[in-house]
Amino acid sequence: MSSDASPAPQPQPEPPPPAWEPLSPLDRRILGVLVEKQKTSKTADSYPLSLNALVTGCNQKSNRDPVFELDEIEVEEGLDALQERGLVTRVTGGRVDRFRHELYAVWTSAGPELAVLAELLLRGAQTKGDLRTRAARMAPIDSLDMLDEVLEPLVKRKLVVYLTEPDRRGAVVTHGFHTANEITQLKALHAGAPVSVSDPGTPVLRSAPAPSPAADAKLTAAVAEIDALKERVAILEAQLADVRKQLGLSPA
């Protein structure tokens, strides 16, 4: 007797996460500033940002690593590239052109997720404790458990990358817009990173590793070379003083 029952549908594998095109340091800074100012601006006139305001934000010394000294031409060139990629829109019609990001549509529609990405773009790799503290000024992330919930979909979509083991205390994360070579270098750099205690706790200090014999030898040679240079400078200064005295010139 034949059966009309259809075979049970087989579960379909999830599509692989997208491969995000790397961003240059300038691109990262511009996008990070646009998100930051959009989330922290208190008036409608403060965002979107004018070119001048964006340059100021890019060169800001607080909450930036590294600190840049960009001019308007450099930032405008970065904006042009980001507009071509659909990440930034130029807003015209006012006294000056302004710029806004389009990352809610391109990366994530969740506010806390975008706040986390903005902090990683502004400061680069950091511990989860540091990240939670900094991102909380833009979105409510009250604990590391809440941060883990925010990070989970970002990591799954490769918007965020762990540079250390995720479960270790002081785990380090970064954004997913580095080149493959940058990720390799960052993982090597943070392989022995000290434990972060930013959220919350007491600072834990780790002693520096003892220098190798080769390093000791290089340091000794460098100190000897510096001492010899100092001696030569002292001799030259004495000779110069004699010459000035013979010529009747006042001391320098």
Side-chain angles (χ1 to χ4, degrees), residues 13-39 57-58 63-66 68 78-79 81-89 99-139 141 144-193 196 198-199:
E14 292 187 8
W20 302 101
E21 187 177 349
L23 295 171
S24 71
L26 174 60
D27 295 340
R28 300 167 197 169
R29 178 58 51 85
I30 291 173
L31 292 174
V33 170
L34 287 173
V35 175
E36 177 191 54
K37 300 308 180 184
Q38 176 253 320
K39 285 186 167 293
C58 287
N63 202 49
R64 305 286 187 268
D65 188 15
F68 287 157
L79 286 167
L82 291 170
Q83 288 178 83
E84 291 178 1
R85 295 169 63 172
L87 302 178
V88 169
T89 296
F99 301 88
R100 68 166 184 257
H101 70 82
E102 300 294 345
L103 303 183
Y104 282 115
V106 180
W107 291 353
T108 175
S109 60
E113 292 181 12
L114 198 56
V116 163
L117 288 172
E119 283 299 332
L120 292 173
L121 291 170
L122 290 172
R123 296 190 65 93
Q126 51 197 288
T127 64
K128 292 199 297 184
D130 290 336
L131 177 59
R132 189 209 67 80
T133 301
R134 291 164 180 155
R137 66 194 177 92
M138 293 191 286
I141 306 175
L144 284 177
D145 287 340
M146 290 183 65
L147 178 63
D148 284 335
E149 293 177 4
V150 174
L151 288 176
E152 184 177 358
L154 294 175
V155 172
K156 189 174 182 180
R157 298 180 59 216
K158 294 187 177 181
L159 286 162
V160 166
V161 177
Y162 274 96
L163 299 174
T164 62
E165 289 299 323
D167 296 332
R168 62 164 278 185
R169 190 170 179 227
V172 180
V173 296
T174 189
H175 56 79
F177 304 100
H178 293 286
T179 64
N181 187 50
E182 284 177 324
I183 289 293
T184 299
Q185 293 176 350
L186 285 169
K187 285 185 175 180
L189 176 65
H190 291 281
S196 170
S198 300
D199 186 25

| Where do F99 and Q83 land on the side chain to side chain contact (heavy atoms under 4.5 Å, CB included) test, with the steps shown first? | CA-CA 10 Å; F99 301 88; Q83 288 178 83; 4.1 Å; yes

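- Ring geometry, Y104 versus H101: the interplanar angle falls from 30° to 60°, so the pair is classed tilted.
- Salt bridge R64/E36: present, at least one basic N to carboxylate O contact under 4.0 Å.
- Looking at every heavy atom in both residues, M138 comes nearest to V35 through SD-O, 4.4 Å.
- Partners of R123 under the salt bridge (Lys or Arg N to Asp or Glu O under 4.0 Å) rule, at least two apart in sequence or in another chain, do not exist in this structure.
- Shown here for L120 and V173, the closest heavy-atom pair between the two residues is CD2-O, 3.8 Å.
- A donor-acceptor pair under 3.5 Å is absent between the side-chain atoms of R132 and the main chain of G129, judged by distance alone.
- Closest of all the heavy-atom pairs between G78 and L26 is CA-CD2, 3.9 Å.
- For E182, the salt bridge (Lys or Arg N to Asp or Glu O under 4.0 Å) partners are R28, not counting sequence neighbours.
- To the nearest 0.5 Å, atom OG1 of residue T108 and atom CZ of residue R157 are 6.0 Å apart.
- For F177 against E21, the heavy-atom pair with the smallest separation is CD2-O, 3.8 Å.
- With sequence neighbours excluded, no residue satisfies salt bridge (Lys or Arg N to Asp or Glu O under 4.0 Å) with E84.
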